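Below: the structure, in structure tokens.
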Amino acid sequence: MTTYTENAPLQTSLFDKLKPHLELIAALFSGVLILTGWILDQNGVEAMSVVAYLSAFVIGGFAKAKEGIEETIKNKELNVEMLMILAAAGSAAIGYWTEGAILIFIFAVSGALETYTLNKSQREISALMDIQPDTALLVRDGIEEKVHVSELTRGDMIVVKPGERVPADGVLTKGHTTIDETAITGESIPVSKEAGTDVFAGTVNMTGSVYIEVTKRSDETLFQKIIDLVQSAQSEKSPSQQFIEKFEGTYVKVVLIVVAVMMFLPHFFLGWSWTETFYRAMVLLVVASPCALVASIMPATLSAISSGARSGILFKGGAHLENLSHVKAIAFDKTGTLTRGKPEVTDIIIRKGLNHDSLLKVSASIESRSNHPLARAVVRYVQNEQIPFSPPDHLEDVAGWGVKGTIDQKEWKIGKAAFVGKEEADAFANGASLAFAEDGKTTIFVADHEGIAAVIALKDIIRDETKQALKILQDEGIFTIMLTGDSEKTAKAIAAETALGSYIAQCLPEHKVNHVKNLLEKYGTVAMVGDGINDAPALATASVGIAMGEGSDVALETADVVLMKNDLPKIAEAIKLSRKMQRIVKQNVIFSISVISLLIISNFFQVLDLPFGVLGHEGSTILVILNGLRLLKRT
């Protein structure tokens, strides 16, 4: 009993290791049986050779036959697998045991290659799931307690020691360290982390022991989103794949009808013998099967999705990957996309007679209840000035314009010039806002019942990689445009600095949608890149929505493609990957159709024997799969 208990885990472990390769093992074993059958046949042991061939049929063809029968019952439609079963059975029926068995063998090998492609595309996800920590060191009342990550809630304090993986998304509150974020961003260079910075589940704490406040449950982490997004992508098919699958059902029926006709007509109209007629019908059944055509798209798509995931580009499905290759124009949000999304207060001008600190206290109080990046910048500035403030008595958020707040029974407005009174705002402090706009700064105004109380200038720093990314896209012949809610002059300054093709300022969410629709009419296929809640409608409207990985949850859920690291050059990389996939798919489709046509014509002129028909047909299937696997390499 003891021996059994100790060995059982080893046996299970060995089976688990072999399980992903069972289809290939069965295919290779059927090849051994075919060789055995051929040797026995050459030595006159015909009965035993037939047994070996039958065994090769069963072992090599079981997986594909099972798949074909199940799909036929489920969809109530014949498929390629059923054609192969009939072709192999027909070959055996006319005495071509070796050819029928070889057909099953090569078909099984091509099936194993397709399975390998799928497993390869899932390997990145499996690797992520394997490294995701199961437990965390929770600090409660000064006592450290090991708990399962699913027990963590927002606000919990955990400690992560050097060499350990971060178990949950959170904010570093105490200590400083260096963290390897390869699993999240694909970037191999470790990132320094100090108090107040974000950390992500699945990343590796390399140096110091740190305390982290949990901000997301285990099922909400960025790490888990990566897993969910790619798993979802694997199940979504591209338009080309959907067309091929619909075409497959009709094609199979046509082939069977033609084969049935081929069994009789040549004998009566061309004078072929019955043996030759039936033989040519079986060859036709083999060579006319669209195996290579069916395998032209899915392996290539899965390989491209896997390659993108490895580079930090998550495609939510083959359809979006295919659409990206046709993009002629890309619209960009500004804040958080072209820029870092963290504007800084650069200038403050306050109306005479008002106290500087009191005005900032009111501003921070009202803005503290807003999630807008400009509001957060004002709050950060006031906090850095160490000016205390408390929440407002009442707050009303006017989407796209600003906020109204009440403090000590006095109403305040903070927002755009048009929200507080455009003429008065433009004239305030001798037109200071116009000068700020010329410098590419964004201005917000604070107003009370007496009028404009202050103008605050902020500047959102352009990302270092923005100019490079836009140039690469423009070199690819893609039109670039910025859609921003900022003023005309601010937008103009940003567009000039980044060399954008065009820009449209003062866009509310509904305006962005309308502009994307206009671009769709003009260019056909358009991508939208954004990161905020206000970008979600435009992301959904565009042919391809691209979200920045650090963007809002709504943007991430709405987008079709997610850049896990906020790296704009990855957009050009994604487009190149998409176009490469399209080239490979076209190569595969043209090649497979050409081979099928050539084999059918050769069979009709009686110059193609069954063995060469089997090799030509199944060989072309393997070649298109291998061609698709080239996409697994980094571009």
Side-chain angles (χ1 to χ4, degrees), residues 10-41 45 47-74 78-93 96-123 126 234 248 285-286 289-292 294-295 298-299 302-303 610-611 613-629 632:
L10 293 175
Q11 294 169 353
T12 303
S13 176
L14 180 61
F15 176 76
D16 289 341
K17 289 180 180 179
L18 293 176
K19 190 175 180 180
H21 309 291
L22 286 179
E23 193 173 344
L24 180 59
I25 292 170
L28 295 177
F29 185 52
S30 72
V32 173
L33 289 171
I34 292 169
L35 180 61
T36 303
W38 182 80
I39 293 172
L40 290 171
D41 188 41
V45 191
M48 291 301 295
S49 70
V50 171
V51 172
Y53 286 138
L54 281 173
S55 300
F57 272 62
V58 173
I59 294 173
F62 176 78
K64 281 295 179 183
K66 180 172 181 273
E67 180 184 337
I69 293 170
E70 288 177 348
E71 287 296 315
T72 298
I73 294 172
K74 179 182 176 182
L78 291 170
N79 49 46
V80 171
E81 285 77 13
M82 293 305 294
L83 271 188
M84 287 298 97
I85 294 170
L86 294 173
S91 300
Y96 286 85
W97 287 96
T98 305
E99 288 78 1
I102 290 175
L103 174 61
I104 290 294
F105 167 69
I106 302 179
F107 193 54
V109 170
S110 66
L113 278 175
E114 286 192 76
T115 302
Y116 167 79
T117 306
L118 179 60
N119 290 340
K120 181 70 176 175
S121 69
Q122 292 174 333
R123 201 165 297 165
S126 299
Q234 290 170 346
E248 177 190 341
L285 187 58
V286 171
S289 177
C291 295
V294 171
M298 185 55 76
L302 291 175
S303 297
L610 185 57
V614 169
L615 289 175
H617 175 267
E618 292 302 324
S620 64
T621 303
I622 290 175
L623 285 176
V624 299
I625 293 173
L626 292 176
N627 194 34
L629 289 177
L632 288 171

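The structure presented is a predicted model; accordingly, all values stated were derived computationally and were not measured.
Tested against Val45 for a side-chain contact (heavy atoms from CB on, under 4.5 Å), the candidates Val51, Leu40, Val50 yield a single pass: Leu40. Of the listed residues (Val624, Ile625, Leu626), just one forms a side-chain contact (heavy atoms from CB on, under 4.5 Å) with Ile622, and that residue is Leu626.
Applying the side-chain hydrogen bond (donor to acceptor under 3.5 Å, both in side chains) definition to pairs two or more places apart or across chains, those involving residues 52-62 are Tyr53-Thr98.
For Ile59, the side-chain contact (heavy atoms from CB on, under 4.5 Å) partners two or more places apart in sequence, or in a different chain, are Ala26, Phe29, Leu33. Under the side-chain contact (heavy atoms from CB on, under 4.5 Å) criterion, Val58 pairs with no residue, sequence neighbours left out.
Here OG of Ser30 is found 11.5 Å from CG of Leu35. Values are rounded to the nearest 0.5 Å.
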